[in-house]
Amino acid sequence: MLVDVDLLTFYGGITETFSHSEVIFEEGDAPRFYYQIINGSVKLNHVDDDAKELIQSILYKGQSVCELLLFIDEKYPVNAVAISQECTIIKVPKSRFLMLLEEHQQPAIDVRRFIAERLYQKFVMMQNNSSKHSQVRIKSILTYFKSFSEDQSPYSYEVELTRQQLAAITGLRIETVIRSVKKMEKEKILKIENRKIYF
DNA sequence: TCATTAATTTGGC
DNA sequence: GCCAAATTAATGA
């Protein structure tokens, strides 16, 4: 957990449960809470004029959601949507959370580090994601998600993202994802077993 | 279990 | 890359 749950509770944290595809906050909303995922996963996305979805990031248990908006005065640039069946989130009012950070050194350090970490990942992904080679884009995303996994040996990571989600993250078409992934299997970059991708 | 819906895959342009 | 159609998996009554 990024910040201790008891501490969050002490500062007014309330848990809330969302089911699959329920919206936690929407693009354009004014940020009013710090959100931390107790259980489940959340996607941050944007839907463009053509109704095409771009997934900005996917967040898991223990991570906070768009915490950077608490430090500036802007509206949310993305939607936050639960993508696990059960998604439990603790939320703390903005002002109280800022108070928490002032009164506690360690969480302040951890949150700062988390933001830096994610900004760094964003740089890396942006560069790879602008590659004209679809395989580079996909591999970069897989590497990123695998980085959360303990086991770093080849084919050990079972990709839980659907091909649609991969397409929405990389900005590629679904068909392109499917065809590239198959090529990558031939090139022994990954393995496919009954539709599941192992990287 | 059957019907419906969503996701995946293939092929043509 | 785009679209349509076929196939398969997941979901719910």
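Each chain gets a letter, A, B and so on, in the order its sequence line appears, and its residues count up from 1. Quick caveat: nothing in here was measured; it's all calculated off a predicted structure.
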Find the distance between OG (A:Ser180) and CD (A:Glu187) and round it off to the nearest 0.5 Å. 9.5 Å
Any side-chain heavy atom of A:Arg118 within less than 4.5 Å of one from A:Leu59? yes
So, taking the atom named CG in A:Leu8 and the one named CD1 in A:Ile38, what distance separates them when rounded to the nearest 0.5 Å? 7.5 Å
Tell me if the CZ atom of A:Phe10 is crowded by more than 12 foreign heavy atoms within 6.0 Å. no
Return the value, rounded to whole Å, for the distance between atom CG of A:Leu166 and atom P of B:dT9. 11 Å
Reading DNA chain C in the 5' to 3' direction, which nucleotide is the first one with an atom under 4.0 Å from a heavy atom of chain A, and which is the last? C:dG1 to C:dA9
If you find the nucleotide of DNA chain C closest to A:Gly171 and the one closest to A:Asn194, which residue's nucleotide is nearer the 5' end? A:Gly171
Can you see which heavy atom on A:Lys75 is nearest to which on A:Pro31, and at what distance? CA-CD, 4.1 Å
In this structure, is the centre-to-centre distance between the rings of A:His104 and A:Tyr11 below 6.0 Å? yes
Is atom CD of A:Glu86 surrounded by more than 12 heavy atoms (other residues, nucleotides or ligands) closer than 6.0 Å? no
Polar atom pairs between nucleotides 3-8 of chain B and protein, under 3.5 Å, N or O only, would you list them?
from  : atom 1 : to       : atom 2 : distance (Å)
B:dT8 : OP1    : A:Arg163 : N      : 3.4
B:dT8 : OP2    : A:Gln164 : N      : 3.3
B:dT8 : O4'    : A:Arg195 : NH1    : 3.4

Compute the ring centroids of A:Phe25 and A:Tyr35, then answer whether they are less than 6.0 Å apart. yes
5'-most contact on DNA chain C: A:Arg173 or A:Gln85, nearest heavy atom basis? A:Arg173
